[in-house]
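See structure below.
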Amino acid sequence: MQHAVRLDNVDISFGATGKSVFRAVAGANLSVAKGEFVAIVGPTGSGKSTLLNAAAGLLKPSAGTVEIQGQPLDGLNGRAGYLFQADALMPWKTSRDNVAIALEISGTPRREALERAENWLEKVGLKGFGHRYPHMLSGGQRKRVAMAQVLIRDPEILLMDEPFGPLDAQTRLIMGDLLLDLWQQDRKAVMFVTHDLEEAIALADRVVIMSTGPDAKLIGDFTIPLARPRDVSEIKLSPEFQELHRDIWHLLKEQVLKAYGNQNREERA
Ligand SMILES: Nc1ncnc2c1ncn2[C@@H]1O[C@H](COP(=O)(O)OP(=O)(O)OP(=O)(O)O)[C@@H](O)[C@H]1O
């Protein structure tokens, strides 16, 4: 099987050479198949974003390899679209222009870019909002524009880092449903970082668990056999969901407690 993303024995270190090197991730292995939705969960500071940044080509591993669609990654990952916690909307541009610019920068004529931007705004539930500037939108609406901005380029891989982090609980559920709706139309490979285990189980085909750093690695890999299409808020009530949550939390809790222990020791030192 060809993988969309494959991290093989990856180490990622920060800092200067010599003794001050901080090895955040050590010996991490992770494969994401084409069309697969993988969520990465772990305690704060475990290295989830670091791993995602390696798949995006924003960070170069100090050891190991990153392959994208079977090819070693060299430089930025041009096949991926990246959605961060903070959106990248330009305050001086309307929603329509914010989405269209994603096409215009790669040479699409403005008229066509604007037309396709309108279509995408409709797909994310923002028909009629194209003329609004980011400050005239709610947090959830801004997130919809940011999603359209990424998806309009039709990337083969989606890298998402706590994309719904700043939203309130109800809006997170609605955005989860929207993401699954759009994902189901063409099933891109997804790496989705979250600290929210419920969100991970509700959305993903697989949930992988990172251990507490330094030298964090992937220590758990759970298949989520819940039927699709899923309703993100309803699915949490099902006994299958609760059983999966219990099993995964058992492993994750240990790492979370370890992370808090480390933090308290650092604060006392
Ligand atoms: N540029 C950097 N320079 C030095 N250390 C860094 C850098 N980026 C991340 N780190 C460290 O690497 C470790 C992993 O960070 P990372 O942001 O990947 O964790 P995370 O699991 O995404 O955390 P959170 O859930 O809190 O966002 C942390 O200890 C962090 O302090």
Side-chain angles (χ1 to χ4, degrees), residues 5 7-30 32 37-64 66 73 75-77 80-88 139 143 146 157-167 169 172 175-176 190-204 206-222 245 248-249 251-269:
V5 180
L7 306 176
D8 194 17
N9 234 346
V10 161
D11 291 1
I12 302 166
S13 302
F14 295 108
T17 50
K19 282 184 186 160
S20 61
V21 165
F22 176 78
R23 194 163 62 175
V25 173
N29 292 300
L30 176 66
V32 182
F37 195 130
V38 175
I40 304 169
V41 185
T44 179
S46 55
K48 303 181 291 298
S49 303
T50 299
L51 213 58
L52 206 69
N53 287 336
L58 295 167
L59 279 177
K60 196 168 165 51
S62 38
V66 179
L73 179 61
L76 278 183
N77 181 351
Y82 208 165
L83 199 64
F84 298 94
Q85 186 166 358
D87 60 57
K143 199 51 84 177
I157 301 162
L158 282 178
L159 304 175
M160 307 179 95
D161 194 352
E162 297 267 9
F164 308 142
L167 304 175
R172 283 178 82 116
M175 293 306 295
V190 181
M191 272 174 86
F192 186 99
V193 163
T194 177
H195 65 268
D196 181 342
L197 179 56
E198 288 198 355
E199 183 175 66
I201 300 172
L203 297 176
R206 263 167 67 216
V207 173
V208 297
I209 305 294
M210 281 199 87
S211 65
T212 302
D215 289 345
K217 49 175 66 60
L218 293 154
I219 52 160
D221 191 332
F222 296 82
H245 190 278
I248 305 175
W249 175 240
L251 179 63
L252 180 58
K253 183 178 173 186
E254 229 176 87
Q255 298 304 319
V256 171
L257 291 175
K258 218 189 255 181
Y260 277 114
N262 289 352
Q263 220 167 39
N264 288 340
R265 266 195 299 281
E266 274 167 27
E267 273 162 20
R268 278 200 304 271

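Numbers for residues simply follow the sequence, beginning at 1. The shown structure was predicted, so the numbers you read here are calculated from the model rather than taken from an experiment. Below, each value reflects all heavy atoms present in this structure, side chains not excepted, and no hydrogens, waters or symmetry copies. As the structure lists them, so they are numbered: ligands from 1, and atoms in each ligand from 1.
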Q. What's the shortest distance from atom 26 (O) of ligand 1 to any protein heavy atom, and which residue and atom give it?
A. Thr44 OG1, 2.6 Å
**Q.** Per-residue contact class, Pro214 against ligand 1 - non-hydrogen pairs under 4.0 Å
**A.** neither
Q.
Which of the numbered atoms in ligand 1 are under 4.0 angstrom from any heavy atom belonging to Ser46?
A. 19 (O), 20 (P), 21 (O)
Q. Got an N/O contact under 3.5 Å between Thr50 and ligand 1?
A. yes
(Q) For atom 9 (C) of ligand 1, what's the nearest protein heavy-atom neighbour? Residue, atom name and distance, please. (A) Phe14 CE1, 3.5 Å
**Q.** Shortest non-hydrogen contact from Pro163 toward Leu83
**A.** CB-CD2, 3.8 Å
Q.
Regarding atom 19 (O) of ligand 1: of the candidates Ala259, Ser49, Gly165, Gly47, which has the closest heavy atom?
A. Gly47
Q: Kindly determine whether Phe164 and Asp196 satisfy side-chain contact (heavy atoms from CB on, under 4.5 Å), including the steps that lead there.
A: CA-CA 10 Å; Phe164 308 142; Asp196 181 342; over 6 Å; no
Q. At under 4.0 Å between heavy atoms, which part of Ala24 makes contact with ligand 1: side chain, backbone, both or neither?
A. side chain
(Q) Could you walk me through whether Asn9 and Asn29 satisfy the side-chain contact (heavy atoms from CB on, under 4.5 Å) test, starting with their C-alpha distance in whole Å, then the side-chain angles of each, then the deciding distance to 0.1 Å, before giving a yes or no? (A) CA-CA 5 Å; Asn9 234 346; Asn29 292 300; 4.2 Å; yes
**Q.** atom 6 (C) of ligand 1 within contact range, any protein heavy atom under 4.0 Å
**A.** yes
Q: Might you point out which heavy atoms bring Phe22 and Pro214 nearest each other, and give the distance in Å?
A: CE1-CB, 3.7 Å
Q) Using 4.0 Å as the upper bound for N to carboxylate O, is an ion pair formed by Asp221 and Arg206? A) yes
Q: Locate the shortest heavy-atom distance separating Leu51 from Met191; write the atom from each residue and the value.
A: O-CE, 4.4 Å
Q. So, for Ile12 and Ala54, which heavy atoms are closest and what is the spacing to 0.1 Å?
A. CD1-CB, 3.7 Å
Q: Flag atom 31 (O) of ligand 1 as yes if some protein heavy-atom distance to it falls below 4.0 Å, otherwise no.
A: no
Q.
Could you tell me, atom by atom, which parts of ligand 1 come under 4.0 Å of a heavy atom of Pro43?
A. 21 (O)
Q) Counting both backbone and side chain atoms, is some N or O of Gly45 under 3.5 Å from an N or O of ligand 1? A) yes
Q | Option with minimal heavy-atom separation from atom 25 (O) of ligand 1, where the choices are Lys48, Gln85, His195, Arg23 | A | Lys48
Q.
I need the minimum non-hydrogen distance between Arg172 and Glu199, along with the two atoms involved.
A. NH2-OE1, 3.1 Å
Q) What atoms of ligand 1 come within less than 4.0 Å of a heavy atom belonging to Phe22? A) 11 (C), 12 (O), 13 (C), 29 (O)
Q) What are the two closest non-hydrogen atoms of Leu252 and Gly42, and how far apart are they? A) CD1-CA, 4.0 Å
